[in-house]
Amino acid sequence: MNESTTPAVRATGISKFFGGIPALDAVDFELAWGEVHALLGENGAGKTTLSNILAGIYRADAGQLLVEGTERDFRNPAQAIEAGIGMVHQHFKLVEPMTVAENIHLGWPETPRIISHRTLVERTRAFMDRIGLHVDPTAKIWQLSVGEQQRVEILRVLARGARVLILDEPTAVLTAHEARELFAVMRQLVAQGLSVIFISHKLNEVLEVSDRVTVLRGGRHVITRPTAGATARELAQLMTGEERELTVEHRDVLGEVVLELRGVSARNHRGLPALHHIDLAVRSGEIMGIAGVSGNGQSELAEVISALRAVDEGRIFIDDRDVTNAAVRAVADLGVGHIPEDRIGVGMVASAPVKDNAVLRHYRSAELSQGITLHRGGVVAFAQHLVDAARVQTRSVHATAGQMSGGNQQRLVARREAMIAERVLIAAHPTRGLDVMASQEVQAAIVDRRDAGCAVVLISDDLDEVLLLADRVAVMYEGRIMGVFDRAAADREHLGLLMGGHEQPVEPA
Ligand SMILES: Nc1ncnc2c1ncn2[C@@H]1O[C@H](COP(=O)(O)OP(=O)(O)O)[C@@H](O)[C@H]1O
Ligand SMILES: [Mg+2]
């Protein structure tokens, strides 16, 4: 077969229904050899569903799938991988207590049954050299950063012989630096003749890394075109079907200090110092943006404020009440909402119904409880209200939360937390992984809370987002506050330098 003319994948008229609702409606998709093909669309557009069909996780209800010119109807992922199609999912499927080498070899057909540890490591190294992608083969998965774990996933799929690699929103969990490294890997793979389907809703990433782009909207195919010559603006319009921009008013008049940290130090989950004598005061009606490269103590900062992490030294006050090392529930009851970075692990119970997740943090409120049991009708009504308000797309509030797309999960958690945040809202990377429209909705909800008098702490590694939303900006680097600036006076270049640790901390006035 001539690989230069037969596409790697040709899907025509693919439809898929869930409970009678079309997730995909007669979609055409073609993947050439040696290309990075971006699949672009808003949350719920059908990107994951299409990929799942290509990867043998779902079966299409209609349409035809040709892989290297041969008609296929995969019944399971094993059949897809046999045909050379492998997918790296939004949530990794690695075995945490095992090593990198062991994970890569799990299910690798060529692995001998009995193999010494040393041979396994050597084989893994040789394989990594061949692909040009490296992670310490002897490291345990739990010891790796998210970016490294993702590399292991990619290696695992390639070890099984995938020539078509599907990456479902791979950058959603990465820092900007890690994302750039991943792009280099993707370019390297297609240079070797493989094909990559890159799923994203981030226009700049699609423009940066892809050769062609296919836009899906509402389960329909909108366009397939070469990426070269496309602009972010026109792709955004194709994605959303409209043109919008969020504008945020900034005010100078500030209220009283609501949240105050005095000399707070804390350790990270590995027991290492993560916060060093943090002083920070956030006022009613302001958004304090915390700028910085991920991993410089921002997560720990969010966690100490919401009482998820113990404070070693220093004090935390909310409305002049000392809440240092108070119970999570007690802090929430004071009106502190937290949109966590890890929304699935911390913000949600994925196996529980949407309605239970909706009331996860409200279960003591009067409308919902009758004594110690929850009033069932109240829960459903409340959940429905939340789902409608946040425009969460779900079949029903009784459906399992984990079945919703990541974007819908994020919307639900964000809106729920905004509702309990009467005094303080901590928003950690609130739009990470969201598409344009959903990002704007979450951002608008944050600004609403500010306007209602909340003290907002916005943590983001996206400086554009910080400068769009924040009234003041604090820069974090290696667990320290490098300086606090009025947004109007903040100089992007200076902030960038501070984020990279290139200047001494500014002494608080
Ligand atoms: N297993 C499922 N059960 C019910 N509905 C689903 C399921 N998977 C996806 N959907 C629905 O199909 C639509 C497309 O979802 P998805 O493919 O995840 O979109 P994307 O990946 O573009 O965000 C959404 O409305 C989603 O709620
Ligand atoms: Mg998806």
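Both counts, for ligands and for their atoms, begin at 1 and track the order of listing.
G46 N, 3.2 Å is the protein heavy atom nearest to atom 19 (O) of ligand 1. The closest protein non-hydrogen atom to atom 14 (C) of ligand 1 is G44 O, 3.4 Å. Scanning all protein heavy atoms for the shortest distance to atom 27 (O) of ligand 1 gives Q393 O, 4.2 Å. What sits closest to atom 12 (O) of ligand 1 on the protein, heavy atoms only, is A23 CB, 3.2 Å. At the shortest separation from atom 9 (C) of ligand 1 among protein heavy atoms lies F18 CE1, 3.5 Å. Ranking protein heavy atoms by distance to atom 17 (O) of ligand 1, first place goes to T49 OG1, 2.6 Å.
Under 4.0 Å from ligand 1, not a single heavy atom of M404 appears.
For the pair Y58 and ligand 1, the shortest N or O to N or O distance falls below 3.5 Å. Inclusion of K47 in the set of residues having an N or O under 3.5 Å from an N or O of ligand 1 is warranted. Here's the thing with A45: one of its N/O atoms is less than 3.5 angstrom from an N/O atom of ligand 1. The shortest N or O to N or O distance between T48 and ligand 1 is below 3.5 Å.
For the pair A60 and K16, the tightest heavy-atom approach, listed with the atom from each and the gap, is CA-CD, 4.4 Å.
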Problem set entry | Check against side chain to side chain contact (heavy atoms under 4.5 Å, CB included), T431 and E465 | CA-CA 9 Å; T431 61; E465 179 170 66; 2.5 Å; yes

For this session: Take E153 and R156 through the salt bridge (Lys or Arg N to Asp or Glu O under 4.0 Å) test and state the conclusion after the steps.
Result: CA-CA 5 Å; E153 283 276 10; R156 206 164 71 109; 3.7 Å; yes

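A side-chain N or O of D461 and one of S294 form a donor-acceptor pair less than 3.5 Å apart. Side-chain contact check for D168 and S51: no donor-acceptor pair (N or O, by modelled atom type) lies under 3.5 Å. For the residue pair H105 and T124, a side-chain donor N or O sits within less than 3.5 Å of a side-chain acceptor on the partner.
Residues Y58 and F74 place their aromatic rings such that the two centres sit no closer than 6.0 Å.
For ligand 1 and N43, the ligand atoms under 4.0 Å from any heavy atom of the residue are 23 (O).
Separating the CZ atom in R212 from the CG atom in L39 is a distance of 12.0 Å, to the nearest 0.5 Å.
Residue contacts with ligand 1 include E42, since one of its heavy atoms falls under 4.0 Å from the ligand.
Using a cut-off of 2.8 Å, one finds that T48 contributes an N/O/S atom close to the Mg ion (ligand 2).
Heavy atoms from other residues, nucleotides or ligands lying under 6.0 Å from NE2 of H177 number 12 at most.
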